[in-house]
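Worksheet: the structure to be examined is printed underneath.
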There are 2 protein chains.
Amino acid sequence: MVDVAADAGVSLKTVSRVINGQPNVDAALIERVNASIARLGFHRNALAASLRSGSRDTIGFLAADLSNTFYMTVAAAVSTVAIGRGMQVIMASSEEDARAERTLALDLCQRRVGGLILVPAGEDQSYLAGEVAAGTPVVFLDRPGGGLEADAVLIDNRGGAHAAVAELLRYGHERIALLFDSPSIFTMAERRQGFLDAFAEAGRIPDPALLVSDLHTPAAARDAMERLLEAEHPPTAVFCANNRSTIGALEAILPRDAEVAVTGFDDFELAQVLPRRIRIVDYDTDRMGTVAAETLFARIDGSAGSSRFLLPTRLVDRGGYGR
Amino acid sequence: MVDVAADAGVSLKTVSRVINGQPNVDAALIERVNASIARLGFHRNALAASLRSGSRDTIGFLAADLSNTFYMTVAAAVSTVAIGRGMQVIMASSEEDARAERTLALDLCQRRVGGLILVPAGEDQSYLAGEVAAGTPVVFLDRPGGGLEADAVLIDNRGGAHAAVAELLRYGHERIALLFDSPSIFTMAERRQGFLDAFAEAGRIPDPALLVSDLHTPAAARDAMERLLEAEHPPTAVFCANNRSTIGALEAILPRDAEVAVTGFDDFELAQVLPRRIRIVDYDTDRMGTVAAETLFARIDGSAGSSRFLLPTRLVDRGGYGR
DNA sequence: GTGAAAGCGCTAACAA
DNA sequence: TTGTTAGCGCTTTCAC
């Protein structure tokens, strides 16, 4: 910038004004400065600007698992909102590791992000208290954080699962299987609770033999479903608590054309072209990202308090062209 | 940092050394400094460190469409490599707009990213020449850039399409439809060329009535496929140049159980549970991100020249439990 | 409307 | 092993 100023025969400050489009600069000078900028191939250093002005022009997005398209979709929505505000998003992933979460979150804060959207991998986020107090707001996404007062944007996991299972019970299903991942994951515990709520409400007791946990992959869910189908008293319906479970269950059910009603939490690509009709607990992933970003920006802009958003779910049909 | 130094009764530089884990500091001083850091709740400003040292600790990833899971998967792989090097990824998307691409790319450079992985939306990236010359390497991803000497990591679109269509021809298909998006998109033009190559090699001429372009959505592909099926001379096979086309074609074919062999470019979730066997031109998306990131880091580390990686494809079976 | 000087928070270079 | 000084590139403050 010094060189540009010298080249254009103006002061540093005038160059700064031109670069930042500030008013009260003579049109002729603007011309001259711009010419010098072009001639010298000058490129402003946004880091230095940020350092001096104290402004923050990025936000951090810390997912739990970048290979999960769900978080990616949310990240895309967050990015759209951020770019609309002239900010950009630094993206990282804890890969479900609490230590990595902590390291990355603190690292993002060191980079002076204006705020942080965080999918907690660990139980305790009190390590961020200092940052929040120092003016870096945090919004929890998908799971509530622990040990830290902050906004949270969640899906109505329990309500969605409850509605899905209540429907199956209403249709007369007595033996409903539940396929899910580890109950230590917040969303899984909530969805299982919704399942149990529906049974309790109907005055029924689920068969413990039909509840299968720790299914991390579609293949595991497929094997579990096959075992259930081959058991003495197979289920007449199955509730799959995430899309990996649903896909696995279908891989077991479709080839043998088993008589099992399928309801799954989470929509997925191609659910439309399935040969049989299934029910899906759907929600608006984009909206989740948008709400999280807007909440964060509201905090950045100084709004106080902390709130918890519970995004609604709805039961929809998928597939079924064959029937 | 001044406060920490004062609190610990040491100089600024000693605090700096402790923070950066530099050697040759007395253990007792390290203790004292760390105690002061904790007491004062000090947080290092990575921007200032970066400004002074000239080091760069982020890379930019500029996708063309964040809602496309393909780019997200690549971004995840890039992020993994970057974090392994202690760097982080700033992510943005041009949403297929050349002007937005330019603005965002230059903005990332102003943020002093150490390098840029770019999916070109426009034809011409010569606007980055200054940045590249000034030491910000660029790697093109998925599409080659224009007007700029830089590495590119591409899929073997043409070869993959050629192999797929050659196989269909070998199996005796004469009337093969081609469903694809806009030929102005590099990958689409290449895949179409592969299709034509296979015909030329076999000494055949494709029926122009069976080549349908500008299918941006599964719904458009479905409609196109329906029209083809209802025409006087329907195709006996279809090659779908991307997964949106494949999904749309299946939505038309499966409900009427039409006798059409399906081959598609790009794998997709749930391809496994399709009721009929299809062929897919598959490739390693993760590897694409890894190669791009590693190429970028090699340039950052000073390797010279520019190379073009052509990632291989392979033909695989999907679905088909029903037959 | 324009410019000079100070300083954001840190690290490099050099000195002790 | 520790400290001093200068300065990264920019914006702020305030004077003109």
Side-chain angles (χ1 to χ4, degrees), chain A residues 1-34 36-37 40-58 86 106-114 130-131 134-136, chain B residues 1-34 36-37 40-58 86 106-114 130-131 134-136:
Chain A
M1 234 162 93
V2 175
D3 298 344
V4 173
D7 187 81
V10 298
S11 80
L12 208 61
K13 180 61 212 180
T14 300
V15 177
S16 172
R17 277 195 260 259
V18 171
I19 286 171
N20 294 296
Q22 283 169 2
N24 299 334
V25 184
D26 192 85
L29 282 193
I30 294 182
E31 258 329 295
R32 242 163 60 208
V33 169
N34 280 328
S36 296
I37 286 174
L40 274 57
F42 166 79
H43 298 290
R44 171 173 185 271
N45 185 328
L47 260 49
S50 214
L51 173 61
R52 178 63 242 236
S53 69
S55 66
R56 300 170 176 215
D57 44 15
T58 54
L106 289 174
D107 189 17
L108 287 169
C109 290
Q110 287 205 352
R111 295 222 157 103
R112 289 300 183 266
V113 291
E131 312 291 342
T136 307
Chain B
M1 234 163 93
V2 175
D3 298 344
V4 173
D7 187 80
V10 298
S11 79
L12 209 59
K13 182 62 206 177
T14 300
V15 177
S16 171
R17 278 193 258 260
V18 172
I19 287 170
N20 295 294
Q22 283 168 4
N24 299 333
V25 184
D26 191 87
L29 283 193
I30 295 183
E31 255 334 291
R32 237 161 66 206
V33 169
N34 280 329
S36 295
I37 286 175
L40 273 59
F42 166 78
H43 299 290
R44 171 172 186 272
N45 185 328
L47 259 48
S50 217
L51 172 63
R52 176 65 244 237
S53 69
S55 66
R56 299 169 175 216
D57 45 15
T58 55
L106 289 174
D107 189 16
L108 287 168
C109 289
Q110 286 204 353
R111 293 217 159 108
R112 290 298 183 269
V113 291
E131 311 291 344
T136 307

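By convention in this document, chain letters (A, B, ...) are assigned in the order of the sequence lines, proteins followed by strands, and residues within each chain are numbered from 1. Quick caveat, the model's predicted, so the values are computed rather than measured.
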Distance in angstrom units between [X] [atom1] and [N] [atom2], rounded:
X        : N       : atom1 : atom2 : answer
Asn20(B) : dG9(C)  : CG    : C1'   : 12 Å
Ile37(A) : dG9(D)  : CD1   : P     : 16 Å
Asp57(A) : dC8(C)  : CG    : C1'   : 15 Å
His43(B) : dC8(C)  : NE2   : C1'   : 18 Å
Ile30(B) : dT1(D)  : CD1   : P     : 10 Å
Arg56(B) : dC8(D)  : CZ    : P     : 16 Å
Lys13(B) : dC10(C) : NZ    : C1'   : 9 Å

* Spell out yes or no: do the side chain of Arg17(A) and the base of dG3(C) have one donor N/O and one acceptor N/O closer than 3.5 Å? => yes
Quick one: is [X] getting a side-chain N or O under 4.0 Å of the [N] phosphate, OP1 or OP2?
X        : N       : answer
Asn45(A) : dC8(D)  : no
Ser11(A) : dT2(C)  : no
Ser16(A) : dC10(D) : no
Asn24(A) : dG1(C)  : yes

* Closer to the 5' end of DNA chain D via nearest nucleotide, is it Leu51(B) or Val25(B)? -> Val25(B)
* Asked: More 5' along DNA chain D: Arg112(B) or Leu12(B), using each one's nearest nucleotide?
  -> Leu12(B)
* Does the side chain of Leu51(B) reach to within under 4.5 Å of the side chain of Leu47(B), using non-hydrogen atoms? -> no
* Asked: Do Val18(A) and Leu29(A) come close enough that some side-chain heavy atom pair is under 4.5 Å?
  -> no
Has the side chain of [X] got a donor or acceptor atom that lies under 3.5 Å from a matching backbone atom of [Y]?
X        : Y        : result
Asn20(B) : Ser16(B) : yes
Arg32(B) : Ala8(B)  : yes
Arg17(A) : Gln22(A) : no

Minimum-distance nucleotide to [X] side chain [options: [options]]:
X        : options                   : result
Arg44(A) : dA12(C), dT12(D), dC10(D) : dC10(D)
Arg52(A) : dG3(C), dC10(D), dT11(C)  : dC10(D)
Leu29(B) : dG9(C), dA12(C), dT2(D)   : dT2(D)
Ala49(A) : dT2(C), dC10(D), dT11(C)  : dC10(D)
Thr14(A) : dG3(C), dG1(C), dT2(D)    : dG3(C)
Ser53(B) : dC10(D), dT2(D), dA12(C)  : dA12(C)

* Can a donor-acceptor pair be found between the side chains of Thr136(A) and Arg56(A) at a distance below 3.5 Å? -> yes
* Asked: Can you tell me how far CZ of Arg112(B) sits from NE2 of His43(A), rounded to the nearest 0.5 angstrom?
  -> 8.0 Å
* Nearest heavy atoms of Met1(A) and Val15(A), plus distance in Å -> CG-CG1, 3.6 Å
* Remember a base hit wins even if backbone is also touched, and classify Val2(B) as base, sugar-phosphate or nothing at under 4.0 Å, heavy atoms. => nothing
* Structure fact -> Axis-to-axis angle across the helix from dG1(C)-dC16(D) to dA16(C)-dT1(D), five pairs each end, nearest 10 degrees, ~ 30°
